Amino acid sequence: MTTGERGGKQVMMGVGADDLKAIKYILLFYGRYLQSGQAGQPVSHRSINRIQLVLLKVEQIISGQVILLRWDELGLITEAIATFTELVRRKIAASKERDEVLANCEQLHDYLSLVLPSIHPTLKGGGSLS
């Protein structure tokens, strides 16, 4: 669960256990994808460290610890999900299973993208936050 303030009001957002596990694996993929150079741009150690920190926080949340995610960390998650779904769509042949994975990822991305800008208007879900 993530909490924060906007206009003096506390804002909370929850994501289910299955979604957290998906986020964990998508972040693992995203870090490896960036490190491999396939993204077409050099990646800094700082970017990889950010991904690893968010991954660690997600793993702590999965284990039952109450951890707060910052808005930029949520933005990084939406960026990773957007990249993952784009690559799955382009590189994996259409099948029922692929389409189910895409639908679930897009639903999670849409949820985070809708909530994130309303909480922190300078962040845009799925966009680059570097």
Side-chain angles (χ1 to χ4, degrees):
M1 179 155 310
T2 303
T3 181
E5 284 196 20
R6 179 176 166 101
K9 295 181 181 179
Q10 189 172 29
V11 179
M12 298 183 78
M13 184 181 110
V15 176
D18 289 341
D19 289 334
L20 286 169
K21 289 177 187 174
I23 289 169
K24 173 186 171 180
Y25 291 111
I26 289 171
L27 285 170
L28 283 168
F29 158 81
Y30 189 58
R32 290 183 185 132
Y33 172 73
L34 291 177
Q35 283 182 308
S36 73
Q38 294 179 29
Q41 58 191 20
V43 62
S44 69
H45 290 292
R46 182 174 179 261
S47 295
I48 297 302
N49 288 341
R50 278 183 66 216
I51 293 168
Q52 290 172 343
L53 176 62
V54 175
L55 181 59
L56 177 64
K57 286 183 172 186
V58 169
E59 288 174 340
Q60 290 173 319
I61 294 168
I62 290 170
S63 72
Q65 296 180 43
V66 176
I67 303 293
L68 300 179
L69 293 173
R70 296 187 331 248
W71 308 124
D72 64 316
E73 293 169 336
L74 287 172
L76 177 68
I77 291 170
T78 61
E79 185 176 320
I81 293 169
T83 300
F84 177 79
T85 55
E86 177 187 333
L87 289 170
V88 167
R89 184 171 280 111
R90 282 193 294 147
K91 302 220 180 234
I92 298 179
S95 68
K96 180 181 175 185
E97 293 80 10
R98 183 202 81 155
D99 292 344
E100 287 175 9
V101 167
L102 283 173
N104 289 333
C105 287
E106 288 170 347
Q107 181 180 16
L108 180 58
H109 180 268
D110 290 347
Y111 173 69
L112 293 174
S113 294
L114 286 174
V115 172
L116 193 57
S118 67
I119 293 171
H120 196 296
T122 61
L123 297 178
K124 298 193 181 351
S128 177
L129 301 172
S130 300

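We number each residue from 1, following the sequence as shown. As the structure is a prediction and not an experimental result, all values here were calculated from the model. All heavy atoms count here, side chains included; hydrogens, waters and symmetry mates do not.
A distance of 15.0 Å separates CH2 of Trp71 from CG of Leu76, quoted to the nearest 0.5 Å. Atoms CD1 and CG, from Ile77 and Leu112 in turn, are 7.0 Å apart once rounded to the nearest 0.5 Å. Summarising the geometry, atom CD belonging to Glu79 is positioned 10.5 Å from atom CG belonging to Leu27; distances are rounded to the nearest 0.5 Å. In this structure, Glu86 CD and Ile81 CD1 are separated by 14.0 Å, a value rounded to the nearest 0.5 Å.
Hydrophobic cluster membership is shared by Ile67 and Ile23, with clusters built from Ile, Leu, Val, Met, Phe, Trp and Tyr side chains linked at under 4.5 angstrom. Hydrophobic clustering, with ILVMFWY side chains joined whenever heavy atoms are under 4.5 angstrom apart, groups Ile48 together with Leu28. Note: the hydrophobic cluster containing Ile92 also contains Leu87 (ILVMFWY, side chain heavy atoms under 4.5 Å, direct or indirect links). By the criterion of side-chain heavy atoms lying less than 4.5 angstrom apart, applied directly or through intervening Ile, Leu, Val, Met, Phe, Trp or Tyr residues, Tyr30 is not grouped with Leu56; the two fall into different hydrophobic clusters. Residues Tyr25 and Val58 fall within the same hydrophobic cluster, defined by Ile, Leu, Val, Met, Phe, Trp and Tyr side chains chained together at heavy-atom separations under 4.5 Å.
Closest non-hydrogen pair, Arg50 versus Asp72, comes out as NH2-O, 3.5 Å. Residues Cys105 and Ile26 approach most closely at SG-CD1, 3.9 Å, considering heavy atoms.
More than 12 non-hydrogen atoms from other residues, nucleotides or ligands lie less than 6.0 angstrom from CD of Gln60.
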Does His109 form a side-chain contact (heavy atoms from CB on, under 4.5 Å) with Thr85? I'd like the steps, not just the answer. CA-CA 9 Å; His109 180 268; Thr85 55; 6.0 Å; no
side-chain contact (heavy atoms from CB on, under 4.5 Å) between Leu69 and Ile61, worked out: CA-CA 10 Å; Leu69 293 173; Ile61 294 168; 4.2 Å; yes
Yes or no on side-chain contact (heavy atoms from CB on, under 4.5 Å) for Asp19 and Tyr111, after CA distance, side-chain angles and deciding distance? CA-CA 11 Å; Asp19 289 334; Tyr111 173 69; over 6 Å; no
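Under the rule for a salt bridge (charged side-chain N to carboxylate O under 4.0 Å, His left out), Arg32 has no partner lying at least two apart in sequence or in another chain.
A side-chain hydrogen bond (donor to acceptor under 3.5 Å, both in side chains) with Lys57 is found for exactly one of Gln52, Gln65, Glu73, namely Glu73.
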